[in-house]
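From a predicted model like this one, the values you see are computed outputs, not experimental measurements. Atoms within a ligand are numbered from 1 in the order they appear, just like the ligands themselves.
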Amino acid sequence: MAKQEDIFKNVISHAKEYGFIFPSSEIYDGLSAVYDYAQNGVELKKNIRDYWWKSMVQMHENIVGIDAAIFMHPTTWKASGHVDAFNDPLIDNKDSKKRYRADVLIEDYAEKLNQKAQKEIEKAKARFGDAFDEAQYVATNERVKGYLDQKTAILQRMAKGLDSGDLADVKALIEELEIACPESGSKNWTEVRQFNLMFGTKLGASADTAMDLYLRPETAQGIFVNFLNVQKTGRMKIPFGIAQTGKAFRNEIVARQFIFRMREFEQMEMQFFVKPGEEMKWYEYWKETRLKWHNSLGLGAENYRFHDHEKLAHYANAAADIEFNFPFGFKELEGIHSRTDFDLKAHEQFSGKKLQYFDTEENRNYVPYVVETSVGLDRMFLAVFSKALQEETLEDGSTRTVLRLPSVLAPTKAAVLPLVKKDGLPEVAREIVDDLKWDFNVAYDEKDAVGRRYRRQDALGTPFCITVDHQTLEDKTVTIRHRDTMEQQRVAISELRGIINNEVSMRNWLMKM
Ligand code: GAP
């Protein structure tokens, strides 16, 4: 089995064993692609959400938050284009009876060509050393050029087929490339069909009068329909943003890879309203700003990259993903979209209400353009959690599992451990907990030998362990152990709050942006 698969399996089992994520309704054998956040997971998730909210809303004078309802008037989704265009192209394999997204099968094929090209480039880099000119090599090496040209041609043909609705050509492409079912190896495919991803439900008690509703597939529309309410009541001046976090629902055809692709998930979105013509400037600004936010968490700049979209969503004139190096390779973590005035104009048209901004400097009304940043909270969780989970071999040859979470996000900031369960040590430890819990999420643990308790906190990602021993009774000092270095210091109890705060405060982490 590939090593990557082992790492990913380990991530999933660690998340369950240590109370981060459970399969939904597990006693009934679970529900496909639906998960519950457990006692530690919910804290980590909340901390990620707070870190986003602080940086996007509270640190920007011109961005405010809302919390719109999940149910919206059904015309919302007609106007937004989701009823007609929020589809994925699906294809079934007749032999294995497995269902796939046709575009994903083709993209995976194209990525393999890309990987072949990158392998050649890496080999050449190693051979030529400092003298290596990558651009020239790619332009002149027939084999590498061939791989990359073929990749581009495939993706362009797929985009053309999907944009024009020529699904027969998308199927023809799959056949020409001889793409086989990853499960069975069979090339016996059905036609490609479009499948709408929205979940429907009903509002109302009687079957005759009930209204068809959708569970929102993105939080963004709750912002668009409230654009003028917020602008007027908040006296907002363009450029300004409206942010929200909340649940979204998609009936994903292929929901795999744990919490990467779920049917019920949470988004953190911000719509930034700008003067028409200035959208590309702001699009670039938000691309860079969002990347800086991700990098502030210290998971390694090499784990992020931009991917500019070839195939644009129905509302966008430019779009890029911030991709993250997940245990299964680089995949989308966040989307930055220039959504033009598509949504506001469509809502004007369908509602018959004006959604325009009066620009006092220009003395005219216009429909603003929108740049959106949209990151999945669950995907952020997976990114942070999977990169943080490490197996380390220590100097004495033993191993430890440590969850090196950015300490600002760690569910528990410190665990307070009495060395033994007697001699008054538990009472002092409880006093420390009672004091620190006003400022931080802290835990008390007296079970097992102290070494085992350290290991357990390492696996939970707790940045500090504070041990109360007999010396504490004499001089009011404790040892504080750092998760990452395992170093221990003797410090006064009165210093603890400052030490922890210095390490976990959002201020110190966000200052790195
Ligand atoms: N409002 C724009 C929008 O929804 P998107 O690219 O479809 O754009 C934005 O989604 C982000 O939401 C993605 O980058 C991803 O992080 C997250 N996301 C989308 N579908 C998801 C799913 N099925 N499960 C988990 N996260 C998802």
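- Salt-bridge annotation for E183 and K97: absent, with no side-chain N of the basic residue lying under 4.0 Å from a carboxylate O of the acidic one.
- Here R101 pairs with D88 in a salt bridge; the nearest charged N to carboxylate O distance falls below 4.0 Å.
- Using a 4.0 Å cut-off between charged nitrogen and carboxylate oxygen, R379 and E334 do not count as a salt-bridge pair.
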Nitrogen or oxygen contacts under 3.5 Å, ligand 1 side and protein side:
residue	atom	partner	partner atom	Å
ligand 1	1 (N)	E218	OE1	2.6
ligand 1	1 (N)	E269	OE2	2.5
ligand 1	1 (N)	R339	NH1	3.4
ligand 1	1 (N)	E372	OE1	3.4
ligand 1	1 (N)	E372	OE2	2.8
ligand 1	4 (O)	R250	NH2	2.9
ligand 1	4 (O)	Q267	NE2	3.0
ligand 1	6 (O)	E332	OE2	3.1
ligand 1	7 (O)	R250	NH1	2.8
ligand 1	7 (O)	R250	NH2	3.1
ligand 1	10 (O)	Q267	NE2	3.4
ligand 1	12 (O)	Q267	NE2	3.3
ligand 1	14 (O)	E332	OE2	2.6
ligand 1	14 (O)	L333	O	3.4
ligand 1	16 (O)	L333	O	2.8
ligand 1	16 (O)	G376	N	2.9
ligand 1	20 (N)	R250	NH1	3.3
ligand 1	23 (N)	E252	OE2	2.8
ligand 1	23 (N)	M262	N	3.4
ligand 1	23 (N)	M262	O	2.8
ligand 1	24 (N)	F260	O	3.4
ligand 1	24 (N)	M262	N	2.9

Give the intermediate values and the outcome of ring-ring contact (aromatic ring centres under 6.0 Å, His included) for residues F258 and F260. CA-CA 6 Å; F258 194 35; F260 180 80; over 10 Å; no
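- With salt bridges taken as basic N to acidic carboxylate O contacts below 4.0 Å, one links R339 and E218.
- With salt bridges taken as basic N to acidic carboxylate O contacts below 4.0 Å, none links E175 and K187.
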